[in-house]
Amino acid sequence: MKLLQRTTLYYLLYSLFIFGIGTILFYIFIKVILLDGIDEAIHQEKVQLVANLNYEKIGEGLQPSKDVLIMPAREAEVEKDKYKTIPIYDSLSKEYVDYRQLTSYHKNEANWYKVTIRQPLAEAESLLNSILPVEIGLFLILLGGVLLMNRFILAKIWQPFYVLLDKLKKYNLETTKIIPYESTDIIEFRDLNINVEKMTERIYKDFLTQKEFNENSSHEMQTPLAIIKNKLELIIQSKNLTEQEMIHIQSIFSAVKRLTLLNKGLLLLSKIENRQFTQKENVNLGELLQSIFNLLEEQINDKNISTEIEIKSKDKLLTNRVLIEGLFNNLVSNSIKHNVQNGKIMAELTDKHFIITNTGTQLNFPADEMFERFRKDSAVENSVGLGLSIVKKICDFLDYKIIYIHQDGLHTLVVNF
């Protein structure tokens, strides 16, 4: 739920509670006032009636009017004046009508009389019934007005925040670099904008420093590694080497080769994490995959691996060529390295996914760890443990989904574009 919606919801709940309680209390308050007014009128009528009766002789069953009844009473029945609302059946309307009734006791000479005075509540109820819809209407208007004002006012107040949030969503070191400060009269947002500008400035400087370090370190390492590799090739061609010396040189050569691959892999991971691959182009995935299999044909033949390549992709995919090539290359290389002698590789490419399956031994570590850096099968000597980690980073960067399946002795990796 968005911030504005949540704030509006809180205001709505609070307003409903306050206005709801207020409406009920106001209705009860008006009703009490009306009843108090009727009770006061009945009381004044009783006072006038008693004053008149003191000068008249009261006969048994005297009833001055239909709403006034005077009956003899015993002294034991005498009690204080009592007001209450009672329903009385109306033969004309054939329904019960509410009356406000006062019961009072009066002593005339030596006798006690019970005086009952009633007054219909029809007018009061009619007034209440007319007040209630007006009150509800005012409540709804006020509530709607509060919500609309709250929405527009909050939207205006929070506008600098949403502008900044939009900039942060679109923030890209390759294009935006630094999010500039924008002035606002709200202190908190002003402080936020200032700190975001400082933060993005530091991030960009750190990005440039790390990028420069990666490029320099990669270059500085590749040069001596290439020299060592060339020197080793020259030494291997020497005729005076013993068999033991050849073994040592071959071991050094393999170590240099692994170190070169490790350096390239770490550099590629760093570039992916720094989001340096932003350019996209239409790539023919079928041609790219076939060319990778052709380049790795020698390694495939060394293990006598049979291959089944099924290319169903017809459309070009808009993606980064360097990354998609690295994705295919690492997946195919991985299926070769971790394959068995006389094994097989099956690959299927469509416009929606790429599936590669290979024979191989069972993993000696949990499957959910296979995409971690330097997680590798100890039996494979020429692996640096970065291939699948690079694949996962590429998939995350390109927003692809990769799935691993192991079934019937076959290892399958599925990449959904």
Side-chain angles (χ1 to χ4, degrees), residues 173-174 205-279 288-303 305 320-339 370-394 397:
L173 284 169
E174 293 293 327
K205 289 180 179 179
D206 292 342
F207 167 74
L208 291 179
T209 302
Q210 185 178 9
K211 182 180 178 182
E212 184 179 358
F213 171 78
N214 290 333
E215 292 174 349
N216 292 340
S217 61
S218 174
H219 176 74
E220 294 301 324
M221 287 183 67
Q222 289 293 343
T223 301
L225 286 174
I227 294 173
I228 294 172
K229 185 178 178 181
N230 291 334
K231 295 296 182 183
L232 287 173
E233 289 176 348
L234 292 175
I235 294 174
I236 290 174
Q237 296 174 6
S238 176
K239 299 179 180 180
N240 299 324
L241 295 176
T242 64
E243 183 178 353
Q244 189 65 32
E245 289 173 337
M246 284 293 294
I247 293 174
H248 290 322
I249 292 174
Q250 186 62 40
S251 177
I252 297 172
F253 191 85
S254 298
V256 171
K257 184 178 180 181
R258 286 185 60 193
L259 187 58
T260 302
L261 292 174
L262 179 63
N263 182 51
K264 289 182 178 179
L266 290 174
L267 179 62
L268 179 59
L269 282 172
S270 178
K271 287 183 177 181
I272 294 173
E273 290 173 349
N274 289 332
R275 308 188 71 83
Q276 294 179 228
F277 298 97
T278 55
Q279 295 181 350
L288 180 61
L289 180 63
Q290 190 62 59
S291 66
I292 290 174
F293 269 100
N294 293 338
L295 289 173
L296 299 174
E297 185 176 4
E298 184 178 349
Q299 300 177 31
I300 294 173
N301 294 334
D302 287 342
K303 284 191 172 184
I305 298 173
N320 184 274
R321 175 176 285 276
V322 176
L323 292 183
I324 198 68
E325 184 176 355
L327 176 68
F328 283 168
N329 186 66
N330 277 286
L331 287 174
V332 176
S333 298
N334 182 77
S335 67
I336 298 172
K337 290 177 184 177
H338 298 277
N339 216 316
M370 68 185 308
F371 296 110
E372 295 180 2
R373 294 187 186 184
F374 306 112
R375 201 68 167 104
K376 62 177 183 175
D377 190 343
S378 57
V380 182
E381 296 181 356
N382 60 341
S383 174
V384 296
L386 287 179
L388 290 181
S389 179
I390 292 174
V391 168
K392 186 65 170 64
K393 285 292 183 182
I394 292 174
F397 183 83

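- Rounding to the nearest 0.5 Å places CD1 of I252 at 15.0 Å from NZ of K229.
- K205 meets the salt bridge (Lys or Arg N to Asp or Glu O under 4.0 Å) test with E201; sequence neighbours excluded.
- When all heavy atoms of K303 and I336 are compared, the pair lying nearest together is NZ-O, 2.9 Å.
- Going from atom CG of N339 over to atom CD1 of I305 covers 4.0 Å, rounded to the nearest 0.5 Å.
- Every residue was checked against the side chain to side chain donor-acceptor pair (under 3.5 Å) condition with N320, not counting sequence neighbours, and none meets it.
- With sequence neighbours excluded, the residues that form a side chain to side chain donor-acceptor pair (under 3.5 Å) with Q244 are H248.
- No donor-acceptor pair under 3.5 Å is formed between the side chain of K337 and the backbone N or O of V332.
- Here the shortest heavy-atom pairing between L388 and F371 reads O-CD2, 3.4 Å.
- The OG atom of S251 lies 12.5 Å from the CE atom of M246; values are rounded to the nearest 0.5 Å.
- Between the side chain of N329 and the main chain of E325, no donor-acceptor pair closer than 3.5 Å is present.
- For the pair I227 and K231, the minimum side-chain heavy-atom distance is below 4.5 Å.
- Atom-to-atom distance recorded for I390:CD1 and K392:NZ is 14.0 Å, nearest 0.5 angstrom.
- Taking CD1 of I292 as the start and CD of Q290 as the end, the distance is 10.0 Å to the nearest 0.5 Å.
- Put simply, the side chain of N334 never gets that close to the backbone of N330: no donor and acceptor are under 3.5 Å apart.
- Between L296 and S333, the closest heavy-atom pair is CD1-OG, 3.6 Å.
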